[in-house]
There are 2 protein chains.
Amino acid sequence: MVFGKSCNQCSVRETALCGVLADAALAPMAAHGTQRSLARGETLIRAGDPARLCANIQRGLMKISHINPAGHEVIVGLLWPGDFVGTPFLDGGPATHDVVALSAVSLCVFPQTTIERTMADHPAMERQLLSRTLAELGQVRRSLSRLARATALARVAGFIAETAQRRPAAAEPHVIELPLSRGEMADLLGLTIETVSRQMTRLKTAGVIGLPGGRQVMIQDPDALAEAADELM
Amino acid sequence: MVFGKSCNQCSVRETALCGVLADAALAPMAAHGTQRSLARGETLIRAGDPARLCANIQRGLMKISHINPAGHEVIVGLLWPGDFVGTPFLDGGPATHDVVALSAVSLCVFPQTTIERTMADHPAMERQLLSRTLAELGQVRRSLSRLARATALARVAGFIAETAQRRPAAAEPHVIELPLSRGEMADLLGLTIETVSRQMTRLKTAGVIGLPGGRQVMIQDPDALAEAADELM
DNA sequence: CGTATATTTGACTGAAATCAACGCAGGTGG
DNA sequence: CCACCTGCGTTGATTTCAGTCAAATATACG
């Protein structure tokens, strides 16, 4: 709370003191950005929108998604703190995806009109952006590989395992809070709500995980979970 | 032939005159690279390899793939002329994918030991690399969206349609040569050889495409092909 | 407490995988 | 020249995993 409050009060000059940017190399960048907060469910970028922006996520989780011709939502990626949203270039045509907050989010927004100049002034920033984009490409390729061949069980187990890695040690040692609803998991993993639910139950029945309630998952057998995730991928 | 021969004779100084780099911004970059040719089937990068490189494809087609735990090959992307292979950074750990030539390939290779300096000297080059990486990210996300929800028919139709766009007007107006075997298409689309074959036959029977033989495809009804590709995606 | 929403569970269906032949070049060697 | 082999593609029969349709809890929320 204190954290969020202090951010909302930030002037542009003080931005660098707000949320932790991913890398020291980004510190000078922060001085050129403005602070922005989003509530859960708020849309930052809408597909087809001509207005573009580039921002760095300081706190919270976002989804990149779009609605396919059949009217079904497909989530093509999640964005965690430190990740960049949008593109730094003006020439790229309209946005192809929606970007929506899945939780309360704090952003450091860089207006596209000045970002090219900012990058020119701070080569390390451009380097960092390139580096992160390459990392994200690797991530998406891993998702691709999973969607191409993995069974429903492996997709669900893999998602839980990866989420656990991202959220190290909450209150309880092996209990994590999933950031997505069953429906959102289905949209991300290319499955249906029912199938996601069934695989969760299957993992619970096998003693691999526990489901204390809500979106919480207790990981009882990490090795078995990893094995289930790898079973075809 | 003349083209290929002249490239092989290039000294480093003359490299810029060889294959067409994607953008005028890359011209100065070419002077810092060396020419290399690969035969169909040759491996440029092997997964797990610590040695990294960065290269720009001038001619030919490559695949980015890896073998999953079940022993099945998954193709996570194709690389066309103008695309970059590998990464410009030394810190990224071992390669995660194989990169293999699907046809005769000409490359402009940049040694990683000097590329950071080259990028520092030519900011436009780094900008171009970032821009292309972002574009590739968009491509992969489209594939992801397709793999998440599209039917076998839509995947195959989409692949044919996209290939046709990439290879504008060969000899015959609406005849294209697929760059992949049925098995490679299956690995790319997350299907089996049999299913790919069946969908091709289905499109042929419906009068959408013709199959003159070999890997050739005659596109008889582009609108119907596009419609089949969009049917769920 | 009651209503709305999310999740689980069950029965059935269907699309693609699997298993299994078959056809068709293109090359090799008798 | 022809028989044989090999790799690639097509076709058919059957199985299976996940989707669809439907209903029963469970949880969140006013």
I'd like to check [X] versus [Y] (side-chain heavy atoms, cut-off strictly below 4.5 Å). Are they in contact?
X: B:His66; Y: A:Ser145; value: yes
X: A:His72; Y: A:Ile67; value: no
X: A:Arg182; Y: A:Met200; value: yes
X: B:Phe159; Y: B:Val156; value: no

In whole Å, I'd like the distance from the [atom1] atom of [X] to the [atom2] atom of [N].
X: A:Glu177; N: D:dT27; atom1: CD; atom2: C1'; answer: 13 Å
X: B:Glu184; N: D:dG7; atom1: CD; atom2: P; answer: 15 Å
X: B:Gln199; N: D:dT11; atom1: CD; atom2: C1'; answer: 13 Å
X: B:Leu189; N: C:dA16; atom1: CG; atom2: P; answer: 12 Å
X: B:Asp187; N: D:dC8; atom1: CG; atom2: P; answer: 12 Å
X: B:Leu203; N: D:dT10; atom1: CG; atom2: C1'; answer: 15 Å
X: A:His72; N: D:dG19; atom1: NE2; atom2: P; answer: 9 Å
X: A:Leu178; N: D:dT27; atom1: CG; atom2: C1'; answer: 16 Å

Open item on the list: On the nucleotide C:dA17, are OP1 or OP2 found under 4.0 Å from the side-chain N or O atoms that B:Thr192 carries?
Closed with: yes
Open item on the list: Applying a 4.0 Å non-hydrogen cut-off, can you work out what A:Gly190 is touching in the nucleic acid: base, sugar-phosphate, or nothing?
Closed with: sugar-phosphate
Open item on the list: If the threshold is 4.0 Å, N to carboxylate O, is there a salt bridge linking A:Glu136 and B:Arg141?
Closed with: yes
Task: A:Arg146/A:Glu162 ion pair, N-O < 4.0 Å - done: yes
So which protein nitrogen or oxygen atoms get under 3.5 Å of nucleotides 6-10 of chain C's nitrogens or oxygens?
unit_1, atom_1, unit_2, atom_2, d
C:dT7, OP2, A:Arg182, N, 3.3
C:dT8, OP1, A:Arg182, NH2, 3.1
C:dT8, OP2, A:Arg182, NE, 2.7
C:dT8, OP2, A:Ser197, OG, 2.8
C:dT8, O5', A:Ser197, OG, 3.1
C:dT9, OP2, A:Thr201, OG1, 2.7
C:dG10, N7, A:Arg198, NH1, 3.1

Using a cutoff of under 3.5 Å, can you pull out all pairs of nitrogen or oxygen atoms linking the protein to nucleotides 23-25 of chain C, with atom names and distances?
none

TODO: Using the six-membered ring wherever Trp is involved, compare the ring planes of B:Phe110 and B:Phe84 and label them parallel, tilted or perpendicular (cut-offs 30° and 60°).
DONE: tilted
Task: Along DNA chain D (nearest heavy atom to each residue), the more 5'-positioned of A:Leu153 and A:Pro212 - done: A:Leu153
TODO: Applying salt bridge (charged side-chain N to carboxylate O under 4.0 Å, His left out), run through B:Asp187 and A:Arg149 and close with a yes or a no.
DONE: CA-CA 9 Å; B:Asp187 291 339; A:Arg149 297 281 173 202; 3.6 Å; yes
With rounding to the nearest 0.5 angstrom, report the [atom1] to [atom2] distance, [X] to [Y].
X: B:Thr87; Y: A:Leu134; atom1: OG1; atom2: CG; result: 6.5 Å
X: B:Leu191; Y: B:Met185; atom1: CG; atom2: CE; result: 8.5 Å
X: B:Glu184; Y: B:Lys63; atom1: CD; atom2: NZ; result: 5.0 Å

TODO: Please give the angle, rounded to 10 degrees, between the axes at the start and the end of the helix from C:dC1-D:dG30 to C:dG30-D:dC1, where five pairs define each axis.
DONE: 30°
